[in-house]
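Numbers here simply count residues along the sequence, with the first being 1.
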Amino acid sequence: TTGEEITVTLSRATQGTLSVRVTDQITGGTLSNVTLKLLRATDRSVVQTFLTNETGDDALLAVNEKGPFILYALHPNYLSAEKQIPSISGSASVNVVLEQLTAQNSGRIVVKVTDEEGFSVESARVVLYDAASKFILHGYEPKFTNANGEATFVGVKSGNYFARATKYPAGPSDSPIFASSVNEVTQTTVKLTIGTATVRVRVLDEQGEPIPLASVAFEAEGSSECAG
């Protein structure tokens, strides 16, 4: 033997290709900048995510599993939609029709996140869940709370949901289950237990010598809020 090292890379064979076209319900025109999520129907795990281009060309998703799948289409100005894909073998195509958001066909959910003392929590990640299945609502992207501790979801269909908020170092916390209706604003609150800790800081100069009477300030991650 010569001692030559050979690297062999193996990849799973492509089961098929799914061509996806997203159109407007009224005009029939193709839509651009649509987020597509392909999920396994068995466990709702995400297989692939794709963003259509600015000209609205058909999206081509190469899939190495047979299915079944659920396809979600999301656009900030339209109601999200889903399609059941029983199986994919060879070339398959699907057309997803989206309906524009109006006050009459969609609801708005405002999630307020506070700490254990009732203060607003900024930059907390908020996700909506279906109350019955306990699955994430993949039709609605996660949101981050603003300076008032609020995260707003629009275009939410009628149903029963709960919200889950997380922000390090606090663990995830859930809101009570609530009902959302079209043409309404639904408000709910999540309380995060941030907790307290003792941090010891040693301040040194460039020679590594301690600096006495140094002033130290902490800021919360993702904001200018003074943490202590």
Side-chain angles (χ1 to χ4, degrees), residues 8-25 30-53 56-99 101 105-107 109 111 124-144 151 153-168 171-175 177-180 190:
V8 179
T9 303
L10 300 179
S11 60
R12 297 180 64 178
T14 299
Q15 178 69 31
T17 302
L18 179 65
S19 175
V20 182
R21 175 173 296 180
V22 186
T23 58
D24 183 286
Q25 183 187 57
T30 57
L31 297 177
S32 60
N33 299 318
V34 178
T35 298
L36 301 174
K37 286 186 177 183
L38 190 67
L39 279 65
R40 294 185 184 92
T42 53
D43 60 4
R44 298 277 178 137
S45 59
V46 178
V47 175
Q48 193 171 157
T49 301
F50 189 91
L51 180 66
T52 63
N53 60 25
D57 295 336
D58 293 359
L60 296 178
L61 307 181
V63 183
N64 54 25
E65 301 177 26
K66 185 176 181 180
F69 302 104
I70 301 174
L71 177 68
Y72 282 93
L74 299 84
H75 190 286
N77 298 327
Y78 290 81
L79 285 172
S80 62
E82 65 177 80
K83 283 275 190 179
Q84 302 290 329
I85 312 293
S87 64
I88 298 176
S89 181
S91 298
S93 61
V94 63
N95 183 44
V96 183
V97 180
L98 296 187
E99 180 182 356
L101 287 176
N105 68 9
S106 63
I109 295 175
V111 181
R125 186 175 186 267
V126 181
V127 181
L128 289 182
Y129 285 76
D130 178 75
S133 67
K134 304 298 190 297
F135 284 130
I136 293 175
L137 289 179
H138 286 283
Y140 309 97
E141 295 286 5
K143 305 289 185 181
F144 288 87
F153 297 83
V154 297
V156 182
K157 300 175 183 178
S158 296
N160 296 320
Y161 310 107
F162 67 90
R164 176 168 294 169
T166 55
K167 183 177 181 181
Y168 182 82
S173 294
D174 295 345
S175 74
I177 293 174
F178 57 86
S180 174
V190 180

> Taking atom CD1 of I88 and atom CG of L38, what is their separation to the nearest 0.5 Å?
Replying inline: 5.5 Å
>> Looking at every heavy atom in both V111 and F153, which two are closest together, and how far apart are they?
In response: CG2-CE1, 4.2 Å
> So, the side chain of T52 versus the backbone of N33: is there a donor-acceptor pair under 3.5 Å, distance only?
Replying inline: yes
> Given L39 and E82, is the side chain to side chain contact (heavy atoms under 4.5 Å, CB included) satisfied, shown in steps?
Replying inline: CA-CA 10 Å; L39 279 65; E82 65 177 80; over 6 Å; no
> If you measure from OG on S158 to CG on N105, what distance do you get to the nearest 0.5 Å?
Replying inline: 10.0 Å
>> Once you measure the plane-to-plane angle for Y72 and H138, does it fall in the parallel (<30°), tilted (30-60°) or perpendicular (>60°) bin?
In response: tilted
>> Using 0.5 Å steps for rounding, measure from the OG1 atom of T42 to the CD atom of E65.
In response: 8.5 Å
>> Checking side-chain polar atoms at under 3.5 Å, does R125 have a donor or acceptor matched by the opposite partner on T166?
In response: no
>> Could you measure the distance from the CG atom of D57 to the OG1 atom of T30? Nearest 0.5 Å is fine.
In response: 7.5 Å
>> What I'd like to find out is whether the side chain of F69 reaches to under 4.5 Å of the side chain of V63, using heavy atoms alone.
In response: yes
>> Could you report the tightest heavy-atom contact between K83 and N95, atom names first, then the distance?
In response: CE-O, 3.1 Å
> Is a side-chain donor or acceptor of S106 paired with a backbone partner of L101 at a separation under 3.5 angstrom?
Replying inline: no
> Under 3.5 Å, side chain of Y140 to main-chain N/O of G155, donor-acceptor pair present?
Replying inline: yes
> Should the heavy atoms of other residues, nucleotides or ligands under 6.0 Å from CZ of R21 be counted, would the total exceed 12?
Replying inline: no
>> For the CG atom of L31 and the CD atom of Q25, what is their distance to the nearest 0.5 Å?
In response: 11.0 Å
> Which heavy-atom pair separates A163 from F178 by the least distance, and what is that distance?
Replying inline: N-CE2, 4.0 Å
>> A side-chain contact here means heavy atoms from C-beta on lying under 4.5 Å apart; do V190 and V126 qualify?
In response: no
> Is it true that a side-chain atom of Q48 and a backbone atom of A62 form a donor plus acceptor pair closer than 3.5 Å?
Replying inline: yes
>> Can a donor-acceptor pair be found, under 3.5 Å and without considering hydrogens, that links the side chain of K157 to the backbone of S80?
In response: yes
> Which atom pair, heavy atoms only, marks the closest approach of K134 to Y129?
Replying inline: O-CD2, 3.3 Å
>> On a heavy-atom basis, which atom in D24 and which in Y78 lie closest, and how many Å separate them?
In response: OD2-OH, 2.6 Å
>> Testing the basics here: between Y161 and V156, what is the closest heavy-atom pair and its distance to 0.1 Å?
In response: CE1-CG1, 3.6 Å
>> Using 0.5 Å steps for rounding, measure from the NZ atom of K37 to the CG atom of L61.
In response: 14.0 Å
